[in-house]
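Since the structure comes first, as structure tokens, the remarks are kept for the end.
Numbered from 1 within each chain, the chains take letters A, B, ... in sequence-line order.
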Protein chains: 2
Amino acid sequence: MPRESVPTKTRAPRRRSATSAVTMADVAAAAGVSTQTVSRALRDPASVSGETLQRIEEAVRNTHYVQNFAASHLASNRSMTVAAIIPAISTSIFAETIQGLSDVLLPEGYQVFLGHTDYVAAREEALIRSLSGRRPDGFFIIGTQHTRDATHILKRAGVPVVESWGLTSRPIDLVVGFSNHAAMKTVVNHLADRGYHRLTFAGVMKPGDDRAKERRKGFLDAHGERFPGVEPQVVTVASNSMIMATGAELLDLVRATYPETDAIVFTSDVLASGAVLRCNDLGVRVPADLAITGFGNYDIAGHLRPSLTTVAIASRRIGMLSAELLLARMQNKPVTERVIDIGFELLVRDSS
Amino acid sequence: MPRESVPTKTRAPRRRSATSAVTMADVAAAAGVSTQTVSRALRDPASVSGETLQRIEEAVRNTHYVQNFAASHLASNRSMTVAAIIPAISTSIFAETIQGLSDVLLPEGYQVFLGHTDYVAAREEALIRSLSGRRPDGFFIIGTQHTRDATHILKRAGVPVVESWGLTSRPIDLVVGFSNHAAMKTVVNHLADRGYHRLTFAGVMKPGDDRAKERRKGFLDAHGERFPGVEPQVVTVASNSMIMATGAELLDLVRATYPETDAIVFTSDVLASGAVLRCNDLGVRVPADLAITGFGNYDIAGHLRPSLTTVAIASRRIGMLSAELLLARMQNKPVTERVIDIGFELLVRDSS
DNA sequence: ATCGCTCATGTTAGCGGTAACAAAATTGAG
DNA sequence: CTCAATTTTGTTACCGCTAACATGAGCGAT
């Protein structure tokens, strides 16, 4: 491993990376320029003369040079990285948001660090702590409620933060979402308008799921308005997974607990679908015997029979919009709106 | 902004990070030790005396110190990062794999960089190129076929690479998956055993989806064995999304193109579900008039009526196993098997 | 007390880039 | 052709941390 300058110290040289020992200096030597010129050629090709650029590009190819972003990050104080924190990756509706985020950020050269919290606030804090050591240029988080420390860390990070999938008048920085509360009220009003009057709210309520809590509150508030004096019916489970089997279970639970129920408001299409399919098995007619509503407008909602009344959320759009806001902030462009309500849409179908 | 040592040079000081200007030196000063001792306390608390450790921990809290991983990475040549490359994030079955991967890696201090290729080989290569600049300590990739350059970059990176969701006798490094080919043969054999004899293969075939190609080949090979002389029937679309509506479309297309079909083999449960639900609408009896099989054992498969015969893949397990292999390699533990076949399971249900 | 050993901590020199400044080369107006 | 303005390239000093080595403190055996 011959090198130009033999170190005069007796100290052993520091181990370099396993194989890819090609550095910018190697490229610079091959192209006959300084490292700074190579750096410029890579970051802003227009700032280097055409001929030099060509020589450098050729040198990059010949040496198989791959830029080391850690060094770049350290020197320039920009990581070209965004941290995304979501409750669960395998919840397809969040995955769509991340896909939207990623679709916008990748072409701009930003990479996405992804972490999931499993709806546990302490894990979210730990994740934020750990991710902030990576010095991302921006944060994207699903949820608007965080531990005190988590909020502090995010504020101290000095980079844009987008909270999402909810709304709050006092975001850490920016928020892109919709009112889960209002959405649920819309569902209850719809059912009340249709003549249903014994409504039951059913869903999975993980301790850290503030969106589910907001939805429950929306249900309770609307229920109080439309059915004053009537005790609202709520059936929730805390530890079950968000799968169709849970929806079927919840259906059974609701029918056992509140047999007079004529409409069930589920917190998710997944649960609602499981319930509809179980109704079909049991011979319960939907919506004649029992109306069912979902949330999220998953792919299945329109294909089920009866098709599912639900609330459509532009989940991919949340990700894309958030990414655009982050980009604007990261590129020091002005961002006028700190709170962006993307709204929701009640899709009335055959199940109600 | 007073500092101890005023620079004697006239040169303007380099801009530090926006807010978090707290460095290890600040912590060291607060604790009355050297930076190296702080570094040791953070990386290996046992290597520092109890009393010193306490002082350092207190200093960390007081200063709100957040370690800069980029500097750590540069100095130690370990990024504590794994790059994950998947065709699409919002395909729930891949999301489960990533969740499994992440579940195992996060507790070990590794963060996951996520990128998606949209089934485009060129985009995969670009992603690998870009991600390798981040110097991840390992790569996880869904798929076993890559461009020549992508393969080279991965090999030159000098870190463990796990390919997945397929099998190959010559992996870049390691592979965790199953034989899509064998899985499809199993499906065809099952249908043939049940007496179906006019089989049609139907699915979405994106150009870069080698798993779909393998499945088609498995279908064709098994078909040739079980129905020698019979022309195999294949109906595919290239650009449609993997949604239920596409399954319904494909059903119509199959019935128009090959009306004599008595069994359709779909490449995904999503498509098969869309087709089953459309059959219910059309009055086509499943499986009496037409058998239908899926792939993946999605949540819906067991809840549909008729329930869906499908191939179960332990997708979360693929992620977890891959993570364990990567960890073993990254921690220089021995890895004996380079090719791990996690197999698959044919779930015979009511649709066939 | 002396020696050798272990354990804890300090010192030094980078890791591979880029910001800031400096210098050289090129251009254009008069 | 001259000189200032502009463009292109080079030089230097870090960014914040850790590997490698050096040093010192503590301790038991002799």
Handout entry: Closest to the B/Ala75 side chain, choosing from D/dA19, D/dT18, C/dT18
Key = D/dT18
Handout entry: Nearest-angstrom distance from the residue atom CZ of B/Arg55 to P of C/dA8
Key = 14 Å
Problem - OP1 or OP2 of D/dC17 under 4.0 Å from side-chain N/O of B/Arg43 - result: no
Exercise for the section: Please check the phosphate of C/dG17 (OP1 and OP2 only) for any side-chain N or O of A/Ser39 closer than 4.0 Å. Expected result: no
Exercise for the section: Using side-chain hydrogen bond (donor to acceptor under 3.5 Å, both in side chains) as the criterion, list what pairs up with A/Arg43, not counting sequence neighbours. Expected result: none
Exercise for the section: Could you grab the distance from atom CD1 of B/Ile86 to atom NE2 of B/His116, nearest 0.5 Å is fine? Expected result: 8.0 Å
Practice task
State plainly whether the residues B/Glu125 and B/Arg129 are in salt-bridge range, i.e. N to O under 4.0 Å.
Solution key: yes
Exercise for the section: Could you say whether A/Ala25 or B/Thr35 is positioned toward the 5' end of DNA chain C, judged by the nucleotide with the nearest heavy atom to each? Expected result: B/Thr35
Exercise for the section: Check the side chains of B/Asn68 and A/His73 for a donor-acceptor pair under 3.5 angstrom, ignoring hydrogens and angles. Expected result: no
Practice task
For the residue pair B/Phe94 and B/Trp165, categorise the inter-ring angle as parallel (less than 30°), tilted (30 to 60°) or perpendicular (more than 60°).
Solution key: perpendicular
Exercise for the section: Might you confirm whether atom CZ of A/Arg317 has over 12 heavy atoms from other residues, nucleotides or ligands at distances under 6.0 Å? Expected result: no
Completion exercise
CG (A/Asp26) and OH (A/Tyr65) are apart, to the nearest 0.5 Å, by 9.0 Å
Fill in the blank from the handout: B/Asn77 CG to D/dA20 P, in whole Å, measures 11 Å
Problem - Spacing of B/Phe69 atom CZ relative to D/dT18 atom P, expressed in whole Å - result: 9 Å
Practice task
In plain terms, say whether B/Arg329 and B/Asp137 are close enough for a salt bridge, that is, a side-chain N and a carboxylate O under 4.0 Å apart.
Solution key: no
Practice task
Can you tell me the distance, in whole Å, between the CG atom of B/Asp26 and the C1' atom of D/dG16?
Solution key: 11 Å
Practice task
Find the distance between CG (B/Asp173) and CG (B/Leu326) and round it off to the nearest 0.5 Å.
Solution key: 8.5 Å
Exercise for the section: Considering just the side-chain nitrogens and oxygens of A/Gln36, establish if one lies under 4.0 Å of OP1 or OP2 belonging to C/dA20. Expected result: no
Exercise for the section: Using atom CG of B/Asp44 as one end and atom P of D/dA19 as the other, report the distance to the nearest whole Å. Expected result: 11 Å
Practice task
Measure the angle between the two terminal helix axes of the helix from C/dA1-D/dT30 to C/dG30-D/dC1, five base pairs each, and quote it to 10°.
Solution key: 30°
Practice task
Would you mind reading off the distance between B/Leu53 atom CG and C/dA8 atom P, rounded to a whole angstrom?
Solution key: 11 Å
Practice task
Using atom CG of A/Leu74 as one end and atom C1' of D/dA13 as the other, report the distance to the nearest whole Å.
Solution key: 13 Å
Problem - Rounded interatomic separation in angstrom, taking CE from B/Met24 and C1' from D/dT18 - result: 8 Å
Protein-nucleotides 7-9 of chain D N/O pairs under 3.5 Å:
| unit_1 | atom_1 | unit_2 | atom_2 | d |
| --- | --- | --- | --- | --- |
| D/dT9 | OP1 | A/Ser49 | OG | 3.0 |
| D/dT9 | OP1 | A/Thr52 | OG1 | 2.4 |
| D/dT9 | OP2 | A/Ser49 | N | 3.1 |

Completion exercise
Out of C/dG17, D/dG16, C/dT11, minimum distance to the side chain of A/Thr23 belongs to C/dG17
